[in-house]
Protein chains: 2
Amino acid sequence: MTDMTELIDTKDNRPYHHGDLYRAIVEAALEVLSESQSTEFSLRELARRAGVSHNAPYKHFADKRDLLAAVSAVGFELLAMRMAEATKELDGPRARLAAMARAYVGGGINNPALYRLMFGGYLGGEDDGRPIIERTAAHNMKALIVDAITCGALGRPISNTRMIDGAILVFWSQMHGLTLLLVDRLVGPSDKLEDMTENVLQGMLDGLVSSIPAVPEGVWVGPPLAG
Amino acid sequence: MTDMTELIDTKDNRPYHHGDLYRAIVEAALEVLSESQSTEFSLRELARRAGVSHNAPYKHFADKRDLLAAVSAVGFELLAMRMAEATKELDGPRARLAAMARAYVGGGINNPALYRLMFGGYLGGEDDGRPIIERTAAHNMKALIVDAITCGALGRPISNTRMIDGAILVFWSQMHGLTLLLVDRLVGPSDKLEDMTENVLQGMLDGLVSSIPAVPEGVWVGPPLAG
DNA sequence: CCTCAAAGTTGCTTATGTCAACATTTTGCG
DNA sequence: CGCAAAATGTTGACATAAGCAACTTTGAGG
């Protein structure tokens, strides 16, 4: 269990009535989410767990969507930490990439509901322009992948951004897809996760080493930054 | 727009009070789903649209989850049709696989909420053993991919089931991941979908042609059949 | 015809999201 | 220090939803 205490973005730290409701609510949400594996919990339930009245959370979150966005952001931070942790002691860029892949897939399996929430459209809100926070969180995560690739995970250092994006696109979709198929039990069993990841990764990296498909003009890879 | 009239699995066809509420409700759900791009509509809303009382749907669906499972099943059928349609006139197995990939990704982009619903855990219900229907629907879809691969999409016919599953695992996760990254706008823009699909597909197929990673012992690929 | 089960209806209970008005605490500032 | 304003939290209310129960209508089959 990674310690997530530092992660939650408390707007301020002055101990008030409750002390730190914002954090308490987000933590409760993470709890309920991983217990029930569903986002269909109620704000009131979270309030109850935090020992406050049913309307207190509204002083910190505009609505449920807003709360879920915050949870999603924490999820991205956790995943990024997992990936950073997994690669910390590793030198070879390829080994690092492989470790990241394992961490990525493992993180998803570990808490499917959180993973689905993170990638489930709560950060796409171009429509109502609400959540910006988790975009940057997702972006941080991407940076880790970029790093491994530029440093030569594909046999040589890469600097052409089109190619970097191309490689990331392949790597990321592959891992993302594998994770979700595992999460949704369309492939499995998930205790063979390591083998499967290794397998898929191996093939993909071989393919990338022989030819990196540069991304077409105008394509972006990674969450679009605010604006 | 594909005609989906035939797809919906009406339990029986006797025209009763309403005539065919089951179908009407599922159709309403598909409508609302693609309009609102959210599964957070109410059964009552569907009942309203179908012109029946708020409780009528419960004669056809045990609960909301059950209804969503049925919708999900239709989604799989639609996707399978799209894929079949896209490959109908094509001979070369590789061209067929590419066309299927385009259809798969395109189908997701076309109705993100439906796609998320399909792959969003409503068919994993080992926990409560509810939905079986959509598993087989998903399975039918897989068959199309198997076909293309066994027929030589990777340069030669493949018959080793471990290798077939390995190839499908790679192909499927890659397409699935790409689709969801596009759907969630983590990569884009989605009007460059064709280019990106082609790109990713190209690299992946090249990789597969040179070496097909056989799946490890005990791994399954595709929805586990009932039981 | 007449009975019965399927299909649909009305009404109730409990729970939720969210708004509004009110109470309390903290902070910032003269 | 002292107080006004902002930040937090509370109570109450409203509209709406899920789902259960009891009742009514309708079509099918003996």
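Below, chains carry the letters A, B, ... as their sequence lines are ordered, and counting in each starts from 1.
Contact detail for Asp147(A) and Thr150(A): the closest heavy-atom pair is O-OG1, 2.9 Å.
An OP1 or OP2 oxygen of dA6(C) is reached within less than 4.0 angstrom by no side-chain nitrogen or oxygen of His60(B).
Side-chain atoms of Lys64(A) lie closest to dT18(C) of the nucleotides dT9(C), dT18(C), dT10(D). Side-chain proximity of His54(A) to dT11(D), dT16(C), dT8(D): nearest is dT11(D). For Asp63(A), the side-chain atoms get nearest to dT18(C) when compared with the rest of dG8(C), dT18(C), dT11(D).
Atom pair Leu46(B):CG and dG8(C):P shows a separation of 14 Å (rounding to whole Å applied). Between the OH atom of Tyr22(B) and the C1' atom of dG8(C) there is a distance of 18 Å, rounded to whole Å. The nearest whole Å value for the distance from the CZ atom in Arg65(A) to the P atom in dT18(C) is 11 Å. Taking atom CZ of Arg48(B) as the reference point, atom P of dT16(D) lies 8 Å away to the nearest angstrom. Separating the CZ atom of Arg44(A) from the P atom of dA17(D) is a distance of 16 Å, rounded to the nearest angstrom. The OH atom of Tyr58(A) sits 15 Å away from the P atom of dG9(D) (whole-angstrom rounding). Rounded to an integer number of Å, the gap from Leu68(B) CG to dG19(D) P is 10 Å. The distance between atom CG of Leu21(A) and atom P of dT26(C), rounded to the nearest whole Å, is 14 Å.
Here Gln174(B) contributes atom CD and Leu169(A) contributes atom CG; the two are 7.5 Å apart, rounded to the nearest 0.5 Å.
Side-chain N or O atoms of Lys64(A) include one that pairs as donor or acceptor with a backbone N or O of Phe41(A) at under 3.5 Å.
Between the side chain of Asn55(A) and the base of dG12(D), a donor-acceptor pair under 3.5 Å is found.
Along DNA chain D, the nucleotide nearest Leu43(B) and the nucleotide nearest Lys59(A) are compared for position; the residue whose nucleotide lies closer to the 5' end is Lys59(A).
Here Glu85(A) does not pair with Arg82(A) in a salt bridge; the nearest charged N to carboxylate O distance is not below 4.0 Å. Electrostatic pairing of Glu198(A) and Arg102(A) counts as a salt bridge here, judged by a charged N lying under 4.0 Å from a carboxylate O.
Backbone-only contact: Ser42(B) has heavy atoms under 4.0 Å from sugar-phosphate atoms and none from a base.
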